[in-house]
**Q** 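One structure is given below, represented as structure tokens, and several questions about it will come after.
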Number of protein chains: 2
Amino acid sequence: MPIERRPLREQIREELMLRLDRGDFAAGTDINEVALAGELGVSRTPLREALITLAGEGVLESNQGRGFRFAPVSRKEFRELCAIVAALEALALESSDPAYLKKIAPELLGLAQDFSDNIAERQDIERHDDEWHDLLLSGCGNERLLDLITSVKAGMRRYAHLMTGESTPMERAAEEHCRVAERLLDGDLEGAAAALRDNWVNGMERMMARIP
Amino acid sequence: MPIERRPLREQIREELMLRLDRGDFAAGTDINEVALAGELGVSRTPLREALITLAGEGVLESNQGRGFRFAPVSRKEFRELCAIVAALEALALESSDPAYLKKIAPELLGLAQDFSDNIAERQDIERHDDEWHDLLLSGCGNERLLDLITSVKAGMRRYAHLMTGESTPMERAAEEHCRVAERLLDGDLEGAAAALRDNWVNGMERMMARIP
DNA sequence: GTGTAATATTTTGTATGCAGAATTCATAGT
DNA sequence: ACTATGAATTCTGCATACAAAATATTACAC
């Protein structure tokens with residue numbers, strides 16, 4: 001059995017993202033390195049390494065002498081991030097193998113449909129949505145692009161917990177997912193990419209109201 | 001006078017990128033932390049922090065227990081990076097203020113023209129090219145996008161020194177820059193973005209021959 | 001009571017120290 | 001000669017230590 005042998009900084013980063021998803025940290029919160037390191041049971045060194053990584057992804061900010069803090073949220077930044085991910089996911093889709101996309105299209109359609117049926121917890125919805133997008137991009141051979149998308153999405157997770165448990169806007173999202181899948185079934189890559197971009201733009205507008 | 005007061009890790013990162021541009025490090029070279037730290041006159045701690053940042057940008061790779069090394073180059077990765085930057089710069093252009101673009105279009109055209117006239121050193125050419133693209137995107141309000149472009153371009157610098165001092169392909173690049181500027185003069189944003197994408201795709205193909 | 005200067009405390013940024021993994025080198029066996 | 005094995009060495013990953021910057025607290029003048 002291959003025992004887990006991974007740098008602490010990565011495990012720490014993962015744990016911090018988990019806590020961020022749980023809503024443990026409010027945006028703008030300063031991070032106390034000694035306190036957090038003690039809480040996690042590690043030293044400051046790998047913790048700081050994780051913090052630097054997260055700062056590179058835009059999850060944290062760092063100011064000289066003042067350490068790290070969770071970057072504050074803003075409508076402007078959210079709009080910016082959505083535009084970026086929309087473009088990147090569209091690119092990933094367009095540079096995927098059309099045959100493969102046609103093959104997974106039914107599955108994508110199915111997922112999108114029982115997406116609108118089941119009204120679940122917020123976190124379940126998010127997970128479902130993430131998995132759908134992951135499957136959609138699973139045929140893209142551009143590894144750097146996929147990494148980049150993951151990284152940018154990490155920066156967006158700060159906005160996830162602002163989406164409180166209303167399910168109505170999700171039905172719209174499910175419709176949009178269906179539209180993407182349908183275009184793929186038709187072999188219309190361009191159209192699918194456009195629908196995907198729309199999905200992000202609309203998703204953005206759905207969220208905008210909830211951001212201060 | 002405001003004396004420079006900036007984290008060491010940033011200064012180190014900058015210095016390393018400078019050395020990378022000078023071609024001091026071959027792709028695939030392992031980094032010896034104590035040696036490099038001694039050479040730079042700093043301790044391993046801020047050096048490692050800089051290395052982690054660079055790894056996040058794709059300039060370096062890190063393997064558990066084996067430290068950092070300059071990521072090897074490949075046609076595949078270069079193609080991937082070009083596709084990404086093309087999409088991102090096009091997005092930046094499309095989300096710029098059209099009026100502003102029209103205003104700077106003459107300057108862009110001028111720069112592109114005396115670009116083809118002066119046959120200079122490789123590094124001068126690169127700097128000129130970089131400045132042209134910077135000016136082109138200077139009207140984009142999406143700060144996250146600009147940061148991201150900078151970051152991805154950092155990963156591409158590993159390929160820069162492969163471009164030895166032949167000037168012929170640069171004339172093609174200058175032509176393409178002119179075309180972008182001309183479209184902007186006409187107020188044709190879509191066309192300019194398309195021409196910009198072409199510039200990246202063509203630039204990629206010009207480079208492909210020189211990569212092992 | 002409020003504002004300010006001096007001091008104490010906290011917290012970050014950097015340096016150093018240490019344990020263990022990875023690599024190298026040497027030696028023995030075939 | 002070549003491979004295998006094990007010791008010696010090198011180097012990373014993490015922990016701890018220290019110095020300087022930032023923040024909080026106190027004392028005091030007005």
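Numbers restart at 1 for each chain; the letters A, B, ... are given by sequence-line order, proteins then strands. In this text the structure is predicted, and so the values were computed from the model without any measurement.
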**Q** I'd like to know if the side chain of A/R158 reaches the main chain of A/A71, judged simply by a donor and an acceptor atom lying under 3.5 Å from each other, with no hydrogens or angles considered.
**A** yes

**Q** Just say parallel, tilted or perpendicular for the rings of A/F70 and A/F25, cut-offs at 30° and 60°.
**A** parallel

**Q** Roughly how many Å is it from CD in A/Q64 to C1' in C/dG13, rounded to a whole number?
**A** 7 Å

**Q** Measure CG/B/L60 against C1'/D/dT12 and give the value in whole Å, please.
**A** 15 Å

**Q** What's touching nucleotides 6-9 of chain D from the protein side, N or O pairs under 3.5 Å?
**A**
none

**Q** Calculate the interatomic distance between B/F68 atom CZ and D/dC11 atom C1'; express it in whole Å.
**A** 13 Å

**Q** Rounding to a whole Å, what distance do you find between A/R6:CZ and D/dC14:C1'?
**A** 16 Å

**Q** Would you name the heavy atoms of B/H177 and B/A112 that are closest together and state the gap between them?
**A** CB-CB, 3.6 Å

**Q** Name the pairs: protein N/O against N/O of nucleotides 5-11 of chain C, kept only if under 3.5 Å.
**A**
| from | atom 1 | to | atom 2 | distance (Å) |
| --- | --- | --- | --- | --- |
| C/dT11 | OP1 | A/N32 | ND2 | 3.0 |

**Q** Evaluate the ring planes of A/Y159 and A/F78, with Trp represented by its six-membered ring, and classify them as parallel (under 30°), tilted (30 to 60°) or perpendicular (over 60°).
**A** tilted

**Q** Under the side-chain contact (heavy atoms from CB on, under 4.5 Å) rule, what do A/E10 and A/E49 come out as? Steps first, then yes or no, please.
**A** CA-CA 9 Å; A/E10 284 182 20; A/E49 295 181 344; over 6 Å; no

**Q** Heavy-atom contacts under 4.0 Å between residues 40-58 of chain B and DNA chain D, which residues?
**A** B/R44, B/R48

**Q** May I have the distance from A/D30 (atom CG) to C/dG13 (atom P), rounded to whole angstrom?
**A** 12 Å

**Q** D/dC11 P sits how many Å from B/R69 CZ, rounded?
**A** 17 Å

